[in-house]
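A quick write-up on the structure given underneath.
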Number of protein chains: 2
Amino acid sequence: MTAPRLLDVAAAAGVSRATASRVLAGTPRNVDPELARRVEDAARELGYRTNHSARALRTGTTGTVGVVVPSLANPYFVQLADAIAQQVRAAGGQLVVSDAANSVEIEAEQIETLLGGRVDGLVVVPVSAAASGPAVRAAAKRAPLVLFDRWASGSGTVAVTLDNAAAMRLLLDHLDTLGRHRIALVAADQASSSGAERLAAFTEARGTGAATVLLPSFTTDAGRTAARRIAAQRNEIDAVVCGADVLAVGLVSTLQRSAVSVPGEIAVTGFDDTEILELLDPPITSIRHPLTAMAERTLTLLQAPARERAESVERFAPQLVVRASTDANA
Amino acid sequence: MTAPRLLDVAAAAGVSRATASRVLAGTPRNVDPELARRVEDAARELGYRTNHSARALRTGTTGTVGVVVPSLANPYFVQLADAIAQQVRAAGGQLVVSDAANSVEIEAEQIETLLGGRVDGLVVVPVSAAASGPAVRAAAKRAPLVLFDRWASGSGTVAVTLDNAAAMRLLLDHLDTLGRHRIALVAADQASSSGAERLAAFTEARGTGAATVLLPSFTTDAGRTAARRIAAQRNEIDAVVCGADVLAVGLVSTLQRSAVSVPGEIAVTGFDDTEILELLDPPITSIRHPLTAMAERTLTLLQAPARERAESVERFAPQLVVRASTDANA
DNA sequence: GCTCCTCGGGAGATCGATTTCCCACACTCT
DNA sequence: AGAGTGTGGGAAATCGATCTCCCGAGGAGC
């Protein structure tokens with residue numbers, strides 16, 4: 001029982017393959033309604049489904065967008081992929097998600113694979129601002145590619161990101177307003193553009209002398225490590241800004257177990273407004289990305305002529321979400 | 001600047017397309033090492049990448065596995081997809097993940113699309129035990145398909161799942177051992193086979209009279225609703241088994257805000273050992289699925305001859321993970 | 001009544017890689 | 001030396017859908 005082909009449908013309807021194709025693919029060409037009906041009936045009858053490889057080969061287009069994220073284990077990236085997915089689906093396309101396992105090499109490999117005629121365009125959340133550049137640049141020459149949430153230097157293409165500096169200022173102003181002036185930064189992953197920008201904005205606002213805990217990795221475990229260092233300095237610090245939600249989650253739960261009250265003694269903020277934050281006790285203040293708008297813009301750029309994707313960074317305005325981890329009355 | 005084709009590589013190396021193909025696709029045919037070297041050099045030089053659509057069309061095979069999950073917004077399903085992804089990658093394949101948006105119709109649509117020659121096989125976590133059957137059955141006739149984590153009746157194919165009844169018994173025994181005998185079940189989503197099995201196992205163990213809170217949806221918000229009902233019955237209940245982690249998360253945080261101590265007054269368990277559980281205070285006792293073994297078995301079945309995928313359900317042994325939400329000393 | 005257009009529809013080329021033949025050459029064995 | 005054998009490599013068919021031509025019929029205009 002082999003799958004029915006267009007030829008079979010055409011034969012059953014008593015027309016040529018060309019006509020059957022015109023009806024089923026909806027080519028802008030008038031076909032006698034009677035014939036169209038016969039073709040459609042035959043197709044339904046036989047359970048015909050157009051062969052994707054054949055169509056893609058002939059038309060040179062797949063109707064599929066590829067997304068490469070650093071890791072699907074991090075809910076933040078899942079959220080990003082999901083935002084893109086909704087836009088793609090709304091446009092009637094398919095989505096392929098690849099996981100780069102936080103490695104520039106695997107990232108390059110995934111990009112390569114997807115480019116072999118599997119996708120019409122690529123959305124990449126690059127692992128590293130410095131090291132992801134070359135692979136992205138090479139890929140951007142072969143297919144439309146837009147960076148999302150992070151940029152990579154020398155990428156040769158446009159990036160749709162959050163305005164991280166503005167976001168950092170929002171958080172610092174918020175804490176200042178609450179009378180918290182002795183603020184520490186807990187960050188990881190300076191390899192990513194967003195990590196670097198957040199750190200830079202913090203240093204610029206607070207000076208190089210400000211307390212900063214840099215962690216090797218971007219996990220809740222790292223957040224717990226940070227908690228121990230913060231707890232040790234509890235007398236000199238009254239607020240902590242975390243460069244990522246996962247860090248904040250680990251930090252808050254560990255601080256509380258060490259009997260450091262949040263926000264009583266130390267206020268804490270996250271950074272990406274992941275869904276978990278709301279569920280913790282206390283819920284954690286964070287920065288919300290305008291993901292829908294960002295994803296929409298990304299798809300627009302993907303479909304635009306190449307010249308609109310010249311290397312540049314577009315920054316979207318962040319939104320502060322105040323919760324009880326900074327302001328108990330929130 | 002069009003992409004280089006096999007023809008270009010062959011010309012550059014001074015051989016025929018056939019030979020170039022034999023070298024690059026690694027056909028089990030001897031080729032003069034000197035020619036092979038020339039072909040490989042030419043391919044590298046030109047930046048050649050085999051066109052996936054063309055290869056797929058000719059060979060009828062894509063090297064890609066599709067996964068359809070009910071929703072990517074639920075971290076549990078992301079975890080499942082990730083387990084499959086690792087196995088597929090280990091086998092040198094590609095993965096396409098689709099989201100069914102918790103709808104049987106969209107699920108059927110996604111399956112249809114993937115079957116149009118995009119994938120060699122399909123792994124489906126069905127939305128509904130009853131309603132997903134027909135679409136799955138039709139798909140299973142056209143391509144290898146294995147159900148994962150849940151089964152669907154009349155699916156005509158094999159399902160790799162957890163032994164939910166055994167898992168429920170593990171939880172109940174654990175609570176009994178701790179002296180908690182007045183146990184309530186908080187569940188949602190009886191449409192899924194796992195939801196139904198968990199409910200059935202609970203009822204069988206505790207009788208139909210046992211307290212049960214059935215929720216309309218499968219979200220943390222639903223868990224909060226449940227918390228209010230449980231709090232109202234706090235005098236008759238000393239433990240709650242949740243049919244899913246997301247419910248437990250919402251339940252615990254809301255109970256605590258209502259000044260009901262966990263586990264002091266009421267012990268709580270989750271069910272899928274999602275990563276968040278560990279981070280909450282208290283961390284929540286749950287059931288861990290042997291996901292790696294399950295994913296491995298799934299891939300094996302996918303590649304096996306059709307007769308090994310006769311409709312049946314394979315059940316894997318659950319593992320109890322005790323945390324402080326049931327046993328403060330854990 | 002005749003020519004010119006329009007419009008629907010079919011034959012065949014095409015996308016790029018794989019694979020089936022089959023041929024040419026070199027080498028061995030009698 | 002001639003026949004037999006084996007091996008590497010090329011020409012051409014093939015996968016299935018689309019798209020470019022081109023043809024025939026019917027209608028409009030003179």
Side-chain angles (χ1 to χ4, degrees), chain A residues 1-40 42-43 46-64 113 115-120 142-143, chain B residues 1-40 42-43 46-64 113 115-120 142-143:
Chain A
M1 188 203 72
T2 61
R5 294 160 305 164
L6 185 59
L7 180 65
D8 304 322
V9 174
V15 300
S16 72
R17 305 193 316 280
T19 303
S21 169
R22 285 193 267 260
V23 172
L24 297 172
T27 314
R29 180 76 178 276
N30 296 341
V31 176
D32 187 313
E34 159 64 11
L35 288 193
R37 202 190 47 70
R38 289 223 310 264
V39 170
E40 275 160 7
L46 295 170
Y48 171 78
R49 232 153 326 248
T50 105
N51 180 312
H52 178 253
S53 304
R55 168 179 288 176
L57 175 60
R58 180 61 236 235
T59 63
T61 188
T62 63
T64 303
T113 314
L115 275 188
R118 280 169 200 263
V119 298
D120 295 339
R142 312 176 88 240
Chain B
M1 188 203 69
T2 62
R5 293 159 307 165
L6 186 59
L7 180 65
D8 303 323
V9 174
V15 300
S16 72
R17 308 197 309 281
T19 301
S21 169
R22 285 194 268 262
V23 172
L24 297 172
T27 316
R29 180 76 179 278
N30 296 340
V31 176
D32 187 311
E34 159 64 11
L35 289 192
R37 201 188 50 68
R38 290 222 309 263
V39 170
E40 276 161 6
L46 296 171
Y48 171 76
R49 232 149 330 245
T50 105
N51 180 312
H52 179 253
S53 304
R55 169 178 288 174
L57 175 58
R58 178 62 236 236
T59 63
T61 187
T62 63
T64 303
T113 313
L115 275 189
R118 279 168 202 264
V119 298
D120 295 340
R142 313 177 86 242

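Keep in mind the model is a prediction, meaning the values are calculated, not measured. A, B, ... follow the sequence lines: proteins, then strands. Residue 1 opens every chain.
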Among [options], find the nucleotide with the atom closest to the side chain of [X].
X	options	answer
B:A18	D:dG9, D:dT18, D:dG10	D:dG10
B:T50	C:dA17, C:dG9, C:dA13	C:dA17
B:A54	D:dT20, D:dG16, C:dG16	C:dG16
B:L6	C:dT18, D:dG9, C:dG9	C:dT18
B:S16	D:dG10, C:dT18, D:dG16	D:dG10
A:D32	C:dT19, D:dG10, C:dG9	C:dG9

Rounded to the nearest Å, what distance is computed from the [atom1] atom of residue [X] to the [atom2] atom of nucleotide [N]?
X	N	atom1	atom2	result
A:R55	C:dG16	CZ	P	18 Å
A:H52	D:dC15	NE2	C1'	15 Å
B:L57	D:dA17	CG	P	9 Å
B:L35	D:dG8	CG	P	11 Å
B:L7	D:dA12	CG	P	14 Å
B:R22	D:dA11	CZ	P	11 Å

Look at all strands and tell whether [X] reaches a base, only sugar-phosphate, or nothing, counting heavy atoms closer than 4.0 Å.
X	value
A:L24	nothing
B:S21	base
A:A25	sugar-phosphate

Exercise for review: Ignoring backbone atoms, test whether B:Y48 places a side-chain nitrogen or oxygen under 4.0 Å from the OP1 or OP2 oxygen of C:dG16.
Suggested key: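 Looking at the OP1 and OP2 atoms of C:dG16, neither is under 4.0 Å from any side-chain N or O of B:Y48.
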
Exercise for review: Answer yes or no: is there an ion pair linking B:E34 with B:R37, defined by an N-O contact shorter than 4.0 Å?
Suggested key: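 Between B:R37 and B:E34 there is a salt bridge, with a charged N closer than 4.0 Å to a carboxylate O.
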
Practice item. For the helix from C:dG1-D:dC30 to C:dT30-D:dA1, figure out the bend between the end axes, five pairs an end, and round to 10 degrees. Key: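 It comes to 50° between the two terminal axes.
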
Point to revise | Main-chain N/O of B:R17 paired with B:S21 side-chain donor or acceptor, under 3.5 Å | key: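 Checking the backbone N and O of B:R17 against the side chain of B:S21, no donor-acceptor pair under 3.5 Å is found.
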
Review point. Start at the 5' end of DNA chain D and walk down; is the nucleotide closest to B:T59 or to B:T19 reached first?
Key: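 Of the two residues, B:T19 wins.
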
Practice item. Name the residue closer to the 5' end of DNA chain D, choosing between B:G14 and A:S53 according to the nucleotide with the nearest heavy atom. Key: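 Its nearest nucleotide lies further toward 5', so the answer is B:G14.
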
So which atom in [X] and which in [Y] form the shortest heavy-atom distance, rounded to 0.1 Å?
X	Y	value
B:Y48	B:L6	CE1-N, 3.4 Å
A:L46	A:P4	O-CG, 3.4 Å
B:R142	A:G47	NH2-O, 3.8 Å
B:V15	B:A20	CG2-N, 4.2 Å

**Study point:** Under 3.5 Å donor-acceptor pair, B:R17 side-chain atoms to D:dG9 base atoms
**Key:**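 A donor-acceptor contact between them is absent.
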
Exercise for review: Would you kindly check whether a donor in the side chain of B:R58 faces an acceptor in the base of C:dT19, or vice versa, at under 3.5 angstrom?
Suggested key: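 Per atom types, no contact qualifies.
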
Point to revise | Partner set under side chain to side chain contact (heavy atoms under 4.5 Å, CB included) for A:A143, not counting sequence neighbours | key: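 Result, side chain to side chain contact (heavy atoms under 4.5 Å, CB included) vs A:A143: A:L115.
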
Point to revise | A:R118 and its side-chain hydrogen bond (donor to acceptor under 3.5 Å, both in side chains) partner, picked from B:T64, B:T62, B:N51 | key: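 That would be B:T64.
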
